[in-house]
Protein chains: 2
Amino acid sequence: MPNPKQPTPAVRAAGGLDRLWRTSVGEDAAFLLARANALSLAAASEVLSPLGLKVRSYSVLALAVSAERPNQRELSEFLRLDPSQLVALIDELEGRGLVRREPDAADRRVNVVVATDAGRALCADARVATERAEAAAFAVLGDDDIARLKEHLRALAGAPEAD
Amino acid sequence: MPNPKQPTPAVRAAGGLDRLWRTSVGEDAAFLLARANALSLAAASEVLSPLGLKVRSYSVLALAVSAERPNQRELSEFLRLDPSQLVALIDELEGRGLVRREPDAADRRVNVVVATDAGRALCADARVATERAEAAAFAVLGDDDIARLKEHLRALAGAPEAD
DNA sequence: TATTGTTATACTCTATAACTATA
DNA sequence: TATAGTTATAGAGTATAACAATA
(Lines give C-alpha, C1' and ligand atoms only; values in the text may rest on other atoms or scores of the structure.)
Protein backbone atom coordinates (compact mmCIF):
# COMPACT_ATOMS: atom_id res chain seq x y z
CA MET A 1 0.00 0.00 0.00
CA PRO A 2 2.98 2.38 0.38
CA ASN A 3 2.11 3.39 -3.16
CA PRO A 4 1.04 7.00 -3.19
CA LYS A 5 -2.33 8.07 -4.49
CA GLN A 6 -4.20 11.28 -3.96
CA PRO A 7 -4.92 12.06 -0.31
CA THR A 8 -7.97 10.31 1.16
CA PRO A 9 -10.94 12.31 2.46
CA ALA A 10 -9.94 11.91 6.09
CA VAL A 11 -6.61 13.53 5.28
CA ARG A 12 -8.05 16.37 3.25
CA ALA A 13 -10.66 17.04 5.90
CA ALA A 14 -7.87 17.49 8.43
CA GLY A 15 -6.10 20.01 6.21
CA GLY A 16 -3.66 17.90 4.20
CA LEU A 17 -0.31 16.47 5.12
CA ASP A 18 1.62 19.74 5.02
CA ARG A 19 0.69 20.26 8.64
CA LEU A 20 2.68 17.19 9.62
CA TRP A 21 5.68 18.30 7.63
CA ARG A 22 5.95 21.22 10.00
CA THR A 23 6.44 18.97 13.03
CA SER A 24 9.83 18.01 14.41
CA VAL A 25 9.63 14.76 12.45
CA GLY A 26 9.71 16.68 9.18
CA GLU A 27 13.03 18.20 10.25
CA ASP A 28 14.63 14.96 11.32
CA ALA A 29 17.52 14.01 9.05
CA ALA A 30 17.03 10.30 9.65
CA PHE A 31 13.39 10.54 8.67
CA LEU A 32 14.20 12.51 5.53
CA LEU A 33 16.90 10.02 4.62
CA ALA A 34 14.53 7.10 5.10
CA ARG A 35 11.85 8.71 2.99
CA ALA A 36 14.15 9.71 0.17
CA ASN A 37 15.55 6.21 0.20
CA ALA A 38 12.12 4.63 0.08
CA LEU A 39 11.19 6.69 -2.95
CA SER A 40 14.43 5.98 -4.76
CA LEU A 41 14.13 2.28 -3.93
CA ALA A 42 10.58 2.13 -5.23
CA ALA A 43 11.60 3.85 -8.47
CA ALA A 44 14.48 1.44 -9.02
CA SER A 45 12.38 -1.62 -8.16
CA GLU A 46 9.75 -0.62 -10.65
CA VAL A 47 12.09 -0.43 -13.63
CA LEU A 48 14.07 -3.50 -12.59
CA SER A 49 11.04 -5.71 -12.15
CA PRO A 50 10.37 -6.21 -15.90
CA LEU A 51 13.98 -7.39 -16.21
CA GLY A 52 13.41 -9.99 -13.53
CA LEU A 53 15.76 -8.24 -11.12
CA LYS A 54 15.41 -6.74 -7.68
CA VAL A 55 17.61 -4.00 -6.30
CA ARG A 56 19.56 -6.60 -4.34
CA SER A 57 20.21 -8.92 -7.23
CA TYR A 58 21.04 -6.02 -9.50
CA SER A 59 23.72 -4.74 -7.16
CA VAL A 60 25.26 -8.21 -6.97
CA LEU A 61 25.14 -8.53 -10.74
CA ALA A 62 26.67 -5.08 -11.26
CA LEU A 63 29.57 -5.97 -8.99
CA ALA A 64 30.03 -9.30 -10.74
CA VAL A 65 30.23 -7.44 -14.03
CA SER A 66 33.01 -5.19 -12.76
CA ALA A 67 36.64 -6.03 -13.38
CA GLU A 68 37.27 -6.38 -9.65
CA ARG A 69 36.32 -10.05 -9.44
CA PRO A 70 34.77 -9.87 -5.96
CA ASN A 71 34.41 -12.99 -3.86
CA GLN A 72 31.32 -13.74 -1.79
CA ARG A 73 32.82 -12.48 1.43
CA GLU A 74 33.63 -9.15 -0.17
CA LEU A 75 30.15 -8.83 -1.58
CA SER A 76 28.78 -9.64 1.84
CA GLU A 77 30.73 -6.90 3.59
CA PHE A 78 30.37 -4.32 0.86
CA LEU A 79 26.62 -4.77 0.52
CA ARG A 80 26.18 -5.34 4.25
CA LEU A 81 24.32 -8.56 3.68
CA ASP A 82 24.76 -11.76 5.60
CA PRO A 83 26.81 -14.36 3.70
CA SER A 84 23.80 -16.68 3.78
CA GLN A 85 21.67 -14.11 1.99
CA LEU A 86 24.25 -13.85 -0.75
CA VAL A 87 24.10 -17.57 -1.30
CA ALA A 88 20.44 -17.30 -2.21
CA LEU A 89 20.97 -14.25 -4.41
CA ILE A 90 23.85 -15.84 -6.28
CA ASP A 91 22.04 -19.17 -6.56
CA GLU A 92 19.24 -17.44 -8.36
CA LEU A 93 21.49 -15.43 -10.66
CA GLU A 94 23.56 -18.51 -11.40
CA GLY A 95 20.45 -20.54 -12.08
CA ARG A 96 19.47 -18.02 -14.71
CA GLY A 97 22.92 -18.18 -16.29
CA LEU A 98 23.78 -14.58 -15.45
CA VAL A 99 26.64 -15.28 -13.09
CA ARG A 100 29.23 -17.98 -12.38
CA ARG A 101 31.05 -19.07 -9.22
CA GLU A 102 34.76 -19.55 -9.87
CA PRO A 103 36.75 -21.22 -7.08
CA ASP A 104 39.86 -19.21 -6.31
CA ALA A 105 43.02 -21.12 -7.30
CA ALA A 106 44.97 -19.82 -4.33
CA ASP A 107 42.32 -20.68 -1.72
CA ARG A 108 39.76 -23.18 -2.85
CA ARG A 109 37.33 -22.17 -0.11
CA VAL A 110 36.60 -18.83 -1.73
CA ASN A 111 34.37 -18.29 -4.72
CA VAL A 112 34.85 -15.40 -7.07
CA VAL A 113 31.58 -14.28 -8.62
CA VAL A 114 31.83 -13.31 -12.27
CA ALA A 115 29.15 -12.36 -14.77
CA THR A 116 28.48 -14.36 -17.92
CA ASP A 117 27.92 -12.69 -21.28
CA ALA A 118 24.19 -12.90 -20.69
CA GLY A 119 24.72 -11.30 -17.29
CA ARG A 120 26.67 -8.45 -18.84
CA ALA A 121 23.98 -7.83 -21.40
CA LEU A 122 21.20 -7.79 -18.84
CA CYS A 123 23.22 -5.60 -16.51
CA ALA A 124 23.75 -3.06 -19.27
CA ASP A 125 20.01 -2.88 -19.85
CA ALA A 126 19.36 -2.62 -16.13
CA ARG A 127 21.87 0.14 -15.79
CA VAL A 128 20.23 2.22 -18.50
CA ALA A 129 16.85 1.70 -16.89
CA THR A 130 17.95 2.57 -13.37
CA GLU A 131 19.89 5.59 -14.49
CA ARG A 132 16.83 6.90 -16.24
CA ALA A 133 14.66 6.22 -13.19
CA GLU A 134 17.23 7.83 -10.94
CA ALA A 135 17.39 10.93 -13.11
CA ALA A 136 13.62 11.23 -12.88
CA ALA A 137 13.60 10.71 -9.13
CA PHE A 138 16.31 13.34 -8.61
CA ALA A 139 14.91 15.76 -11.17
CA VAL A 140 13.64 18.10 -8.46
CA LEU A 141 17.29 18.96 -7.83
CA GLY A 142 19.66 20.69 -10.20
CA ASP A 143 22.81 18.99 -11.46
CA ASP A 144 25.07 20.85 -9.04
CA ASP A 145 22.85 19.91 -6.12
CA ILE A 146 22.83 16.28 -7.16
CA ALA A 147 26.61 16.23 -7.37
CA ARG A 148 26.91 17.76 -3.93
CA LEU A 149 24.30 15.42 -2.50
CA LYS A 150 26.20 12.42 -3.81
CA GLU A 151 29.43 13.69 -2.26
CA HIS A 152 27.71 14.09 1.09
CA LEU A 153 26.13 10.66 0.86
CA ARG A 154 29.47 9.11 -0.05
CA ALA A 155 30.95 10.61 3.08
CA LEU A 156 28.06 9.36 5.22
CA ALA A 157 28.19 5.94 3.64
CA GLY A 158 31.84 5.61 4.57
CA ALA A 159 33.35 5.65 1.09
CA PRO A 160 37.11 6.05 0.90
CA GLU A 161 38.27 9.64 0.54
CA ALA A 162 40.63 9.51 -2.39
CA ASP A 163 39.86 9.99 -6.07
CA MET B 1 25.27 -9.68 10.78
CA PRO B 2 25.03 -6.29 9.05
CA ASN B 3 27.03 -5.09 12.03
CA PRO B 4 30.44 -3.96 10.87
CA LYS B 5 33.60 -5.50 12.25
CA GLN B 6 37.08 -5.36 10.90
CA PRO B 7 37.45 -6.85 7.42
CA THR B 8 37.75 -10.63 7.31
CA PRO B 9 40.88 -12.32 5.95
CA ALA B 10 39.28 -13.14 2.60
CA VAL B 11 38.56 -9.47 2.12
CA ARG B 12 41.96 -8.27 3.15
CA ALA B 13 43.62 -10.89 0.97
CA ALA B 14 41.72 -9.50 -2.01
CA GLY B 15 42.94 -5.97 -1.28
CA GLY B 16 40.18 -4.49 0.89
CA LEU B 17 36.83 -3.09 -0.03
CA ASP B 18 38.12 0.16 -1.52
CA ARG B 19 38.38 -1.65 -4.85
CA LEU B 20 34.63 -2.16 -4.92
CA TRP B 21 33.95 1.46 -4.10
CA ARG B 22 35.55 2.33 -7.41
CA THR B 23 32.98 0.34 -9.40
CA SER B 24 29.85 1.87 -10.89
CA VAL B 25 27.90 0.73 -7.84
CA GLY B 26 29.93 3.04 -5.64
CA GLU B 27 28.77 5.96 -7.78
CA ASP B 28 25.13 5.04 -7.81
CA ALA B 29 23.03 7.58 -5.94
CA ALA B 30 20.42 5.02 -4.97
CA PHE B 31 23.07 2.75 -3.51
CA LEU B 32 24.64 5.60 -1.55
CA LEU B 33 21.25 6.66 -0.27
CA ALA B 34 20.44 3.14 0.83
CA ARG B 35 23.73 2.78 2.63
CA ALA B 36 23.59 6.12 4.38
CA ASN B 37 20.04 5.31 5.42
CA ALA B 38 21.02 1.91 6.78
CA LEU B 39 23.73 3.46 8.91
CA SER B 40 21.50 6.22 10.22
CA LEU B 41 18.74 3.71 10.93
CA ALA B 42 21.10 1.45 12.83
CA ALA B 43 22.36 4.37 14.91
CA ALA B 44 18.82 5.46 15.78
CA SER B 45 17.67 1.93 16.57
CA GLU B 46 20.54 1.43 18.94
CA VAL B 47 19.76 4.43 21.12
CA LEU B 48 16.00 3.89 20.98
CA SER B 49 16.16 0.26 21.99
CA PRO B 50 16.91 0.93 25.70
CA LEU B 51 13.79 3.14 25.75
CA GLY B 52 11.69 0.29 24.41
CA LEU B 53 11.09 2.08 21.13
CA LYS B 54 11.80 1.29 17.52
CA VAL B 55 12.23 3.87 14.80
CA ARG B 56 8.68 3.22 13.64
CA SER B 57 7.05 3.57 17.02
CA TYR B 58 9.14 6.63 17.81
CA SER B 59 7.99 8.43 14.70
CA VAL B 60 4.37 7.67 15.55
CA LEU B 61 4.91 8.85 19.10
CA ALA B 62 6.64 12.04 17.98
CA LEU B 63 3.74 12.89 15.70
CA ALA B 64 1.25 12.12 18.45
CA VAL B 65 3.14 14.53 20.71
CA SER B 66 2.86 17.33 18.18
CA ALA B 67 0.06 19.86 18.36
CA GLU B 68 -1.30 18.72 15.01
CA ARG B 69 -3.54 15.96 16.38
CA PRO B 70 -3.02 13.57 13.46
CA ASN B 71 -5.55 10.81 12.81
CA GLN B 72 -4.57 7.30 11.81
CA ARG B 73 -5.16 7.87 8.13
CA GLU B 74 -2.85 10.88 8.16
CA LEU B 75 -0.17 8.95 9.99
CA SER B 76 -0.55 6.18 7.45
CA GLU B 77 -0.03 8.44 4.46
CA PHE B 78 2.66 10.58 6.02
CA LEU B 79 4.72 7.65 7.22
CA ARG B 80 3.88 5.61 4.13
CA LEU B 81 2.73 2.70 6.22
CA ASP B 82 -0.32 0.58 5.61
CA PRO B 83 -3.23 1.47 7.93
CA SER B 84 -3.14 -2.06 9.30
CA GLN B 85 0.46 -1.63 10.35
CA LEU B 86 -0.43 1.50 12.25
CA VAL B 87 -3.06 -0.39 14.18
CA ALA B 88 -0.37 -2.66 15.58
CA LEU B 89 2.01 0.21 16.33
CA ILE B 90 -0.66 2.25 18.09
CA ASP B 91 -1.99 -0.78 19.95
CA GLU B 92 1.42 -1.27 21.46
CA LEU B 93 1.96 2.38 22.35
CA GLU B 94 -1.54 2.59 23.81
CA GLY B 95 -1.00 -0.60 25.78
CA ARG B 96 2.01 1.04 27.38
CA GLY B 97 0.03 4.15 28.21
CA LEU B 98 2.04 6.40 25.94
CA VAL B 99 -0.72 7.27 23.51
CA ARG B 100 -4.51 7.51 23.40
CA ARG B 101 -7.07 7.09 20.60
CA GLU B 102 -9.64 9.89 20.67
CA PRO B 103 -12.65 9.42 18.40
CA ASP B 104 -13.22 12.54 16.34
CA ALA B 105 -16.44 14.31 17.36
CA ALA B 106 -17.21 15.35 13.79
CA ASP B 107 -16.71 11.91 12.25
CA ARG B 108 -16.82 9.07 14.70
CA ARG B 109 -15.05 6.72 12.31
CA VAL B 110 -11.75 8.53 12.65
CA ASN B 111 -9.38 8.28 15.61
CA VAL B 112 -7.07 11.10 16.54
CA VAL B 113 -3.88 9.82 18.14
CA VAL B 114 -2.63 11.92 21.04
CA ALA B 115 0.24 11.37 23.44
CA THR B 116 -0.26 11.01 27.17
CA ASP B 117 1.97 12.77 29.70
CA ALA B 118 4.05 9.61 29.93
CA GLY B 119 4.29 9.56 26.16
CA ARG B 120 5.49 13.15 26.09
CA ALA B 121 8.13 12.44 28.69
CA LEU B 122 9.44 9.37 26.90
CA CYS B 123 9.40 11.17 23.58
CA ALA B 124 11.49 13.98 25.02
CA ASP B 125 14.09 11.48 26.17
CA ALA B 126 14.00 9.71 22.84
CA ARG B 127 14.45 12.95 21.00
CA VAL B 128 17.55 13.86 22.98
CA ALA B 129 18.99 10.40 22.36
CA THR B 130 18.30 10.35 18.64
CA GLU B 131 19.57 13.87 18.13
CA ARG B 132 22.81 12.93 19.80
CA ALA B 133 23.09 9.77 17.71
CA GLU B 134 22.29 11.69 14.57
CA ALA B 135 24.92 14.28 15.33
CA ALA B 136 27.48 11.51 15.72
CA ALA B 137 26.40 9.79 12.51
CA PHE B 138 26.60 13.04 10.55
CA ALA B 139 29.79 14.24 12.23
CA VAL B 140 31.85 13.48 9.13
CA LEU B 141 30.12 16.46 7.53
CA GLY B 142 30.38 20.08 8.54
CA ASP B 143 27.36 22.05 9.74
CA ASP B 144 26.90 23.80 6.41
CA ASP B 145 27.04 20.51 4.55
CA ILE B 146 24.49 18.96 6.89
CA ALA B 147 22.12 21.87 6.37
CA ARG B 148 22.44 21.61 2.62
CA LEU B 149 22.05 17.84 2.71
CA LYS B 150 18.83 18.18 4.69
CA GLU B 151 17.47 20.69 2.19
CA HIS B 152 18.21 18.33 -0.65
CA LEU B 153 16.67 15.40 1.16
CA ARG B 154 13.57 17.43 1.94
CA ALA B 155 13.19 18.15 -1.73
CA LEU B 156 13.65 14.50 -2.66
CA ALA B 157 11.27 13.39 0.06
CA GLY B 158 8.55 15.60 -1.36
CA ALA B 159 8.29 18.08 1.49
CA PRO B 160 6.27 21.22 0.76
CA GLU B 161 8.35 24.12 -0.51
CA ALA B 162 7.34 27.02 1.69
CA ASP B 163 8.89 28.21 4.94
C1' DT C 1 -22.22 3.13 -1.66
C1' DA C 2 -17.72 4.78 0.28
C1' DT C 3 -14.49 5.26 4.04
C1' DT C 4 -12.09 4.40 8.74
C1' DG C 5 -10.16 1.44 11.38
C1' DT C 6 -9.58 -3.50 12.21
C1' DT C 7 -8.51 -8.49 11.66
C1' DA C 8 -6.44 -12.35 9.34
C1' DT C 9 -3.17 -14.26 6.33
C1' DA C 10 0.50 -14.98 3.26
C1' DC C 11 4.81 -13.37 1.68
C1' DT C 12 9.31 -11.29 1.81
C1' DC C 13 13.16 -9.92 4.33
C1' DT C 14 16.43 -10.40 8.17
C1' DA C 15 19.04 -12.62 11.86
C1' DT C 16 21.07 -16.77 13.94
C1' DA C 17 23.17 -20.95 14.54
C1' DA C 18 24.98 -25.19 12.96
C1' DC C 19 27.21 -27.76 9.24
C1' DT C 20 31.17 -28.92 5.22
C1' DA C 21 35.28 -28.33 3.10
C1' DT C 22 39.24 -26.28 3.00
C1' DA C 23 43.16 -23.90 5.24
C1' DT D 1 41.77 -24.10 15.23
C1' DA D 2 39.83 -20.72 12.09
C1' DT D 3 37.56 -19.31 7.84
C1' DA D 4 34.45 -19.55 3.27
C1' DG D 5 30.51 -20.91 1.92
C1' DT D 6 26.17 -23.43 2.83
C1' DT D 7 21.83 -24.98 4.98
C1' DA D 8 17.90 -24.57 8.03
C1' DT D 9 14.91 -22.03 10.75
C1' DA D 10 12.66 -18.56 13.35
C1' DG D 11 11.48 -13.81 13.65
C1' DA D 12 10.47 -9.20 11.96
C1' DG D 13 8.62 -6.56 8.54
C1' DT D 14 5.40 -5.95 4.46
C1' DA D 15 1.44 -6.46 1.39
C1' DT D 16 -3.43 -7.99 0.57
C1' DA D 17 -8.05 -8.85 1.16
C1' DA D 18 -12.14 -9.05 3.82
C1' DC D 19 -14.85 -7.24 7.76
C1' DA D 20 -17.75 -3.98 11.17
C1' DA D 21 -19.02 0.61 12.23
C1' DT D 22 -20.03 4.95 10.50
C1' DA D 23 -20.83 8.28 6.98
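Numbers restart at 1 for each chain; the letters A, B, ... are given by sequence-line order, proteins then strands.
Nearest-nucleotide positions on DNA chain C place B:Asn111 closer to the 5' end than the other of A:Ala106 and B:Asn111.
Residues A:Val114 and A:Tyr58 fall into different hydrophobic clusters, defined by Ile, Leu, Val, Met, Phe, Trp and Tyr side chains chained together at heavy-atom separations under 4.5 Å.
In this structure, B:Leu81 places its CG atom 10 Å from C1' of D:dG13, rounding to the nearest Å. Atom CD1 of B:Ile90 and atom P of C:dT6 are 7 Å apart (whole Å). The interatomic distance linking A:Arg109 (CZ) with D:dG5 (P) rounds to 9 Å, in whole Å. Note: CG (A:Asp107) to P (D:dT3) measures 12 Å, nearest angstrom. Rounded to whole Å, atom P of C:dA23 lies 15 Å from atom CZ of A:Arg73. Taking atom CG of A:Leu41 as the reference point, atom P of D:dA15 lies 10 Å away to the nearest angstrom. If you take CG of A:Asp91 and P of D:dA4, they are 19 Å apart, rounded to a whole angstrom. If you measure from atom CZ of A:Arg108 to atom P of C:dA23, you get 5 Å, rounded to the nearest angstrom.
Each of D:dT7, D:dT3, C:dA8 was ranked by its minimum atom distance to the side chain of A:Val87; first place goes to D:dT7. In this structure, of C:dT16, D:dT16, D:dG13, it is C:dT16 that holds the atom nearest to the side chain of A:Asp82.
A salt bridge links A:Glu131 with A:Arg127: the closest approach of a Lys/Arg side-chain nitrogen to an acidic carboxylate oxygen falls below 4.0 angstrom. Under 4.0 Å is where a charged nitrogen must lie from a carboxylate oxygen, and between B:Arg100 and B:Glu102 at least one such pair does.
Side-chain N/O atoms of A:Arg101 include one lying less than 4.0 angstrom from OP1 or OP2 on D:dT6. Regarding contacts with the backbone of C:dT6, every side-chain N or O of B:Gln85 stays at 4.0 angstrom or more from both OP1 and OP2. Taking 4.0 angstrom as the limit, B:Lys54 places none of its side-chain polar atoms (N or O) nearer than this to OP1 or OP2 of D:dA12.
Closest of all the heavy-atom pairs between A:Ala62 and B:Val25 is CB-CG2, 3.6 Å.
For B:Ser84 and D:dT16, a side-chain-to-base donor-acceptor distance below 3.5 Å is present, hydrogens and geometry of angles not being considered.
Under 3.5 Å, the side chains of A:Gln72 and A:Arg101 contain a donor-acceptor pair of N or O atoms.
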